[in-house]
Amino acid sequence: MRGKILSADFFNRPTLAVAKELIGKFLVRKIGSRRIASMITEVEAYDGFHDRASHASRGRTDRNAVMFGGAGCWYVYLIYGMYWMLNIVTGPKDYPAAILIRGVADASGPGRLTKFFKINHRFNSKLTSRSSDLWIEDQRMKIPQRLIKRGPRVGVAYAGQIWSRKPWRFYILHSNSK
DNA sequence: TAAGTGATCTCT
DNA sequence: GAGATCACTTAA
């Protein structure tokens, strides 16, 4: 099954709108002649300068610089010494925002899906496209709106009540995500 | 419930 | 340079 590859324009829009629309799209990875594709079932938005749960909340650093760049680039970083986190940058240049892909139909959990797709730091700052071997497709999978739930983001208690409680996580009910 | 793992960030 | 932290997973 093939679909339309989402271009940078798709991601150069308000982060929450993009996040919600990513549910049901397909993450696709090309490894040699192999192709792996799996439907996105869970995402989390990190949006703007003031979001205290976001890496960008304390300004620009070497690590988070990609978040300040143009939309449609991958932001990949290592957490807990073991797990690669896959994010897609959203919004205009110089506005820090990204969406963490937390689950796909074949692998639930952000650390598990990067292992499943063999994703690591070498994708960081690359533009999503066929030539980067990692992109997102619209396969016109229709997910009923009532099945798309939203709730607080995971693992961000340190961000304080205001920010840790923002319902910026979107997920499909009764799939691989709780 | 707690250990594992290492890059990054915030102090000196 | 040192110490703490961390957008997680697994085994128990």
Side-chain angles (χ1 to χ4, degrees), chain A residues 6 11 13-25 27 29 36 38-91 94-128 134-136 148-173 175-178:
Chain A
L6 299 181
F11 300 100
R13 297 183 297 139
T15 309
L16 292 190
V18 175
K20 186 173 180 184
E21 290 178 34
L22 276 182
I23 299 296
K25 299 293 188 291
L27 182 63
R29 170 90 162 93
I36 307 174
S38 189
M39 190 179 74
I40 296 171
T41 56
E42 182 180 1
V43 299
E44 255 173 22
Y46 290 85
D47 192 32
F49 298 91
H50 308 295
D51 177 2
R52 288 190 51 210
S54 169
H55 289 168
S57 67
R58 300 215 184 103
R60 187 184 187 123
T61 66
D62 283 347
R63 180 177 67 162
N64 68 24
V66 185
M67 292 184 76
F68 290 78
C73 289
W74 295 114
Y75 171 41
V76 182
Y77 66 91
L78 187 70
I79 189 91
Y80 300 114
M82 289 179 246
Y83 306 108
W84 296 105
M85 299 288 102
L86 177 67
N87 301 251
I88 184 82
V89 174
T90 58
D94 295 324
Y95 180 84
I99 297 165
L100 170 65
I101 301 180
R102 291 191 55 89
V104 293
D106 295 299
S108 96
R112 284 200 197 136
L113 80 85
T114 50
K115 188 174 176 188
F116 182 79
F117 279 90
K118 298 195 188 334
I119 290 163
N120 59 28
H121 61 98
R122 87 182 182 81
F123 290 94
N124 188 46
S125 83
K126 291 255 173 70
L127 191 64
T128 118
L134 183 65
W135 65 90
I136 296 174
I148 301 179
K149 309 297 283 186
R150 59 187 295 181
R153 293 171 291 181
V154 173
V156 296
Y158 62 83
Q161 291 196 357
I162 302 277
W163 296 99
S164 66
R165 289 179 181 179
K166 294 275 185 196
W168 289 0
R169 169 174 168 247
F170 296 86
Y171 56 102
I172 299 180
L173 196 59
S175 69
N176 55 352
S177 51
K178 295 188 260 192

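Note that these values count all heavy atoms, side chains included, but never hydrogens, waters or copies made by symmetry.
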So which atom in [X] and which in [Y] form the shortest heavy-atom distance, rounded to 0.1 Å?
X         : Y         : answer
Leu127(A) : Cys73(A)  : CD1-SG, 3.9 Å
Ala105(A) : Ser38(A)  : N-OG, 3.3 Å
Phe117(A) : Arg29(A)  : O-NE, 2.8 Å
Ala107(A) : Phe116(A) : CB-CB, 4.0 Å

Indicate yes or no: at least one non-hydrogen side-chain atom of Leu6(A) is less than 4.5 angstrom from one of Lys25(A).
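Leu6(A) vs Lys25(A): side chains touch.
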Report yes if at least one side-chain N or O of Tyr83(A) is closer than 4.0 Å to OP1 or OP2 of dT10(C); otherwise report no.
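Negative; the distance criterion is not met.
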Just to confirm, is there a sub-4.0 Å distance from OP1 or OP2 of dT10(C) to any side-chain nitrogen or oxygen of Arg112(A)?
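Looking at the OP1 and OP2 atoms of dT10(C), one of them is under 4.0 Å from a side-chain N or O of Arg112(A).
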To the nearest Å, how far apart are [X] [atom1] and [N] [atom2]?
X         : N      : atom1 : atom2 : answer
His121(A) : dT8(B) : NE2   : C1'   : 15 Å
Arg102(A) : dT9(C) : CZ    : P     : 7 Å
Leu113(A) : dC8(C) : CG    : P     : 12 Å
Ile119(A) : dA7(C) : CD1   : P     : 19 Å
Trp84(A)  : dG6(B) : CH2   : P     : 11 Å
Asn124(A) : dA7(B) : CG    : P     : 15 Å

Can you confirm whether more than 12 heavy atoms, excluding those of Arg13(A), are under 6.0 Å from its CZ atom?
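Correct, the count exceeds 12.
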Which residues in residues 74-82 of chain A have at least one heavy atom lying under 4.0 Å from any atom of DNA chain B?
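Close to the strand are Tyr80(A), Gly81(A), Met82(A).
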Which ones in residues 58-71 of chain A lie close to DNA chain B, meaning a heavy atom under 4.0 Å from one of its atoms?
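The answer is Arg58(A), Thr61(A), Arg63(A).
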Can a donor-acceptor pair be found, under 3.5 Å and without considering hydrogens, that links the side chain of Trp168(A) to the backbone of Asp47(A)?
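Judged by distance alone, no pair lies under 3.5 Å.
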For His121(A), is there any backbone N or O sitting under 3.5 Å from a side-chain donor or acceptor partner on Asn124(A)?
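Not a single qualifying donor-acceptor pair exists.
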Counting Watson-Crick and G-U wobble pairs whose two distances are both under 3.5 Å, find the runs of 3 or more in a row that involve DNA chain C.
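Stem segments, range with range: B:1-4 with C:8-11, B:6-11 with C:1-6.
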Could I get the full list of salt bridge (charged side-chain N to carboxylate O under 4.0 Å, His left out) partners for Arg102(A), not counting sequence neighbours?
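Applying salt bridge (charged side-chain N to carboxylate O under 4.0 Å, His left out) to Arg102(A) gives Glu42(A), Glu44(A).
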Quick one: list whatever passes side-chain hydrogen bond (donor to acceptor under 3.5 Å, both in side chains) with Arg122(A), sequence neighbours left out.
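Per chain and number, Arg122(A) pairs via side-chain hydrogen bond (donor to acceptor under 3.5 Å, both in side chains) with no residue.
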Could I get the full list of side-chain hydrogen bond (donor to acceptor under 3.5 Å, both in side chains) partners for Asp51(A), not counting sequence neighbours?
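Partners of Asp51(A) under the side-chain hydrogen bond (donor to acceptor under 3.5 Å, both in side chains) test: Arg153(A).
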